[in-house]
Amino acid sequence: MKVYNTLSGQKEEFLPQGDEVKMYVCGVTPYDDCHIGHAMSYIIFDVIQRYLQFKGYKVKYVQNITDIEDKLIDRANKLGISVSQLAQKFTERYFEDMDALNIGRADIYPRATEEIPKIIEVIQGLIDKGYAYPAQGSVYFRVNSVPDYGKLSHRSLESMITVGTTEMGKEKENPMDFALWKAAKPNEPYWESPWGRGRPGWHIECSAMSLKYLGDTLDIHGGGRDLVFPHHENEIAQSESFTGKKPFARYWLHNGMVQFGEEKMSKSLGNLVTIKEVLGRYSSDAIRIFILSSHYRNPLTYSEEALEAAEKGAKRLRGAAYDEPGADAAKVEMDVKAYHARFTEAMDDDFNTPQALAVLFDLARDINRLRDEGYNVISGQQLLRELTAILGLTLKMPEKPPLDAGPFIELLSGIREKLMEAKQMPKMPPLDAESLIQLLMSIRYELRQAKQFQLADEIRSKLGELGIALEDTPKGAVWKRQR
Ligand SMILES: [Zn+2]
């Protein structure tokens, strides 16, 4: 089995340290809902975990939760709630999304705020060895102390300086030095430390947690391509300096980014599509097929057409796997060895899921054809179910959830409050879901007339999350249920 290692820039034979593969994947910063980019990354590492298990390995999978960070502090302050309340809410919503996408759980989800003693221990160790220095209540990593800094991103120190990380103060020895510990600012959560009150930097959290739960050397370290520099580069510098052992991770696997048209999908560009929105319109199988149809290292362009095609593909696989076998046991059995071999060959080649999916669609097509020709296709159906499960497909009929008035009432009361602020009381409707949808649509119409597009769009996207698609037609908006 070969995997592409970002560290060497090559496909390498996969040789873990033992029967148990130690895998660490950078987790979420729970300050908002996850988007389709998160779905891509966690689906891919879920498939890698499933495939390694299929190959007979045990996998110990650790994924951290960065529950203290600038973005969390900013958002919590804006919302007037505590950082831990915010983190708790979006951690719960994160697990809802992962479950809905049939993403298996990691073995351990350490939270930064619960790992402060280990983080302090690692920082102190780095100071003792001369790799880090305290300055005005913060602690910085001395990048010049690591001659091979830049080996993962294949950059020289000079080229990084021009990229410029100018986080925090003038107290740094070198502009490239990065914070391991940040001195507390007013109105921020803090912990006591040998350097005064403060909080950990993002990079050191991952080093400390992976050391604590997986030991000095990882087999696989994963994450999105956007984490290579500086985050993973810094993890290497910290961990290898602390343990004195190289490499910190034997294989570095990075997935490509999700794009929206020509653009990057990002919060700042306002083109994020959340997992909840997509799940309101498509089955988890369709979302997985869409994501796995592209190789994990390539960028993936978000496309509703491709998702619709993936939904049809899921239906085809489901039909082939579960339709009545048709022939009685006396008839000739279809031969399935070749499909199994082609599937593992594709997956052994750096998890080539587009190829693996192509094998599954071939198998589905041949099951249908051979059944019509009077073959016994039971073994083909069993194999199809086994192999689709490695890609995390459930092959379940997507359920139409009952229309629940609860979320509409919640949404409505939020909007009602906003309208009451503007002194426009809406008439209270009878409390059934359909009339609430109608009411929301008329409110949305009024909002659009008043050029309150942001609020109008919010209604549309919230309805989308609930599985209600609005379509603007020349005769006004119409709604339909999407699942
Ligand atoms: Zn990390």
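Throughout, residue positions are numbered sequentially from 1 according to the sequence presented. Atoms within a ligand are numbered from 1 in the order they appear, just like the ligands themselves. These figures come from a predicted structure and were not determined experimentally.
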Criterion side chain to side chain donor-acceptor pair (under 3.5 Å) against Ser8, the qualifying member of Glu12, Gln10, Lys11: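 The side chain to side chain donor-acceptor pair (under 3.5 Å) with Ser8 is passed solely by Glu12 among Glu12, Gln10, Lys11.
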
N/O/S atom of His231 under 2.8 Å from the Zn ion (ligand 1), yes or no?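 A backbone or side-chain N, O or S atom of His231 is under 2.8 Å from the Zn ion (ligand 1).
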
Within His232, is some N, O or S atom less than 2.8 Å away from the Zn ion (ligand 1)?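 No, His232 does not qualify, because none of its backbone or side-chain N, O or S atoms lies under 2.8 Å.
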
Please determine if Glu458 and Arg460 form a salt bridge, counting it only when a charged side-chain N lies under 4.0 Å from a carboxylate O. no

Phe178-His203 aromatic ring centre distance below 6.0 Å: yes

Approximate separation, where rounding is to 0.5 Å, of Lys58 NZ and Asp107 CG: 10.5 Å

Please name the atom of Glu235, restricted to N, O or S, that is closest to the Zn ion (ligand 1). OE2

